[in-house]
Amino acid sequence: MNATVISKEKTEVKFSFEVSAEVLEKGLAFAYNKNKNQISIPGFRKGKVPRKLIEAQYGESFFYEDAINHIFPDEYMEAIKELDLDVVSAPTLDVEYIDKEKGIKFLIDVTVKPEVQLGQYKGLTVEKVTAEVTDEEVNAELEKVQKQNARMIEVTDRPAQMGDVVKLSYEGSVDGVPFDGGKADEYDLELGSHSFIEGFEEQVAGHSIGEKFDIQVTFPEAYHAPELAGKPAVFAIEIKGITAKELPELNDAFAEDVSEFSTLDEYKASIVEKLAKEKN
């Protein structure tokens with residue numbers, strides 16, 4: 001086999017290899033035997049038409065595709081072995097020539113493993129990380145579960161504050177003209193969720209049920225609606241209702257409700273065990 005690297009750029013390699021006329025002939029014989037029972041020519045029974053007659057009737061290239069498919073895999077593996085290529089992709093192939101007298105010459109493009117140049121790795125130091133679980137981490141986990149199991153209660157005796165869910169109606173305008181998508185009725189907004197334009201939620205906080213008021217905000221420069229990007233807007237607001245999250249008390253009853261444990265101490269111990277396992 002005559003295999004030659006044509007070019008190599010980083011991990012992309014182009015190479016060629018030649019297959020002898022003898023190997024090509026074996027491939028053509030295979031292709032003929034594979035197809036002969038499907039070919040009909042007047043005067044011959046199926047499977048009995050001579051190969052030369054078929055090639056004369058349909059052209060010399062009639063069996064080339066099946067011949068190439070038959071011989072290529074083994075010849076390709078021999079070529080990359082000869083060139084010592086560590087290939088990591090399927091080959092892209094082209095045929096430079098195919099001739100019964102000369103054989104076949106393949107042109108191949110493949111991706112190979114990169115050559116890695118190691119940097120300085122000896123003598124490096126790393127900070128030791130502890131898997132110890134702190135009280136703060138346990139409390140944060142408990143607070144997360146508390147919030148997941150909170151119940152919503154109506155608030156009527158105070159203004160809205162950050163963390164509340166406010167039911168409000170609003171209509172926005174720019175230069176006194178309402179814009180599309182700027183109006184809603186009885187929309188539930190969690191103050192502090194940052195789901196509205198910066199400054200919107202903070203200006204709603206401090207107002208009570210039944211209040212009507214205006215707030216002023218500026219749309220971000222990168223706002224998704226180009227006609228509003230970077231522009232100041234006024235929103236007319238009316239608060240229709242306020243609800244607040246009431247967190248369950250951290251006690252044995254809480255532990256029994258949210259876990260398989262009957263006491264808070266047992267539940268905390270399980271949290272410590274879980275967090276330590278995750279850290280490890």
Side-chain angles (χ1 to χ4, degrees), residues 1-129 131 222 224 226 274-280:
M1 176 176 290
N2 184 13
T4 306
V5 173
I6 299 172
S7 65
K8 183 177 182 182
E9 185 173 349
K10 295 183 179 178
T11 59
E12 304 305 313
V13 177
K14 179 185 286 290
F15 68 94
S16 67
F17 67 91
E18 297 174 3
V19 172
S20 68
E22 289 77 14
V23 173
L24 172 58
E25 174 55 33
K26 290 179 181 178
L28 291 170
F30 170 85
Y32 167 68
N33 287 323
K34 175 185 174 183
N35 292 283
K36 64 182 181 180
N37 291 328
Q38 282 76 47
I39 299 172
S40 297
I41 290 181
F44 295 90
R45 289 179 299 162
K46 282 187 176 181
K48 299 299 182 179
V49 184
R51 187 178 122 196
K52 288 187 177 181
L53 186 59
I54 296 172
E55 291 174 337
Q57 179 84 6
Y58 297 106
E60 271 198 354
S61 62
F62 184 79
F63 294 115
Y64 281 175
E65 182 176 352
D66 282 335
I68 289 173
N69 289 339
H70 177 65
I71 65 180
F72 178 79
D74 289 342
E75 298 297 319
Y76 166 73
M77 294 303 296
E78 284 294 321
I80 62 174
K81 182 178 180 181
E82 181 177 315
L83 296 173
D84 194 26
L85 297 176
D86 197 353
V87 177
V88 294
S89 71
T92 300
L93 70 135
D94 197 4
V95 176
E96 182 172 311
Y97 63 76
I98 180 168
D99 183 274
K100 289 183 179 180
E101 302 298 324
K102 297 167 60 178
I104 314 173
K105 184 174 183 179
F106 290 103
L107 300 176
I108 308 294
D109 288 286
V110 291
T111 300
V112 297
K113 285 185 179 179
E115 296 178 2
V116 178
Q117 298 295 326
L118 287 180
Q120 175 59 35
Y121 65 93
K122 293 184 178 180
L124 295 179
T125 60
V126 295
E127 182 182 352
K128 185 176 181 179
V129 179
H224 62 84
K274 183 192 77 160
L275 293 177
K277 184 177 180 181
E278 290 173 354
K279 279 190 159 189
N280 275 316

For the [atom1] atom of [X] and the [atom2] atom of [Y], what is their distance to the nearest 0.5 Å?
| X | Y | atom1 | atom2 | answer |
| --- | --- | --- | --- | --- |
| E65 | I68 | CD | CD1 | 8.0 Å |
| L28 | I71 | CG | CD1 | 7.5 Å |
| N37 | K46 | CG | NZ | 8.5 Å |
| E75 | H70 | CD | NE2 | 10.0 Å |
| S16 | L83 | OG | CG | 8.5 Å |
| K52 | E60 | NZ | CD | 10.5 Å |

List the atom pairs, with distances to 0.1 Å, where a side-chain N or O of residues 118-126 and a protein N or O form a donor-acceptor pair under 3.5 Å, not counting sequence neighbours.
| from | atom 1 | to | atom 2 | distance (Å) |
| --- | --- | --- | --- | --- |
| Q120 | NE2 | K122 | O | 2.6 |

Start with the C-alpha gap between Q57 and I41, add the side-chain angles, then the distance that decides, and say whether side chain to side chain contact (heavy atoms under 4.5 Å, CB included) holds. CA-CA 9 Å; Q57 179 84 6; I41 290 181; 4.2 Å; yes
Nearest atoms (heavy-atom pairs only) where [X] meets [Y]:
| X | Y | value |
| --- | --- | --- |
| A3 | E82 | N-OE2, 3.3 Å |
| Y32 | P50 | OH-CA, 4.0 Å |
| F17 | F72 | CZ-CE1, 3.8 Å |

Mind checking what makes ring-ring contact (aromatic ring centres under 6.0 Å, His included) contact with [X], not counting sequence neighbours?
| X | answer |
| --- | --- |
| Y64 | none |
| F15 | none |
| Y58 | F62 |

Below 3.5 Å, can you tabulate the donor-acceptor pairs from side chains in residues 102-115 to any protein atom, sequence neighbours excluded?
| from | atom 1 | to | atom 2 | distance (Å) |
| --- | --- | --- | --- | --- |
| D109 | OD1 | K14 | NZ | 3.2 |
| D109 | OD2 | K14 | NZ | 3.1 |
| T111 | OG1 | E12 | OE1 | 3.1 |
| T111 | OG1 | E12 | OE2 | 3.2 |
| E115 | OE2 | K8 | NZ | 3.3 |

Not counting sequence neighbours, list each pair that qualifies as a salt bridge (Lys or Arg N to Asp or Glu O under 4.0 Å) and has a residue in residues 23-40. E25-R51, K34-D66
Between F30 and F63, is any pair of side-chain heavy atoms under 4.5 Å apart? no
With the threshold set at 4.0 Å, does a side-chain nitrogen-carboxylate oxygen contact exist between K100 and E55? yes
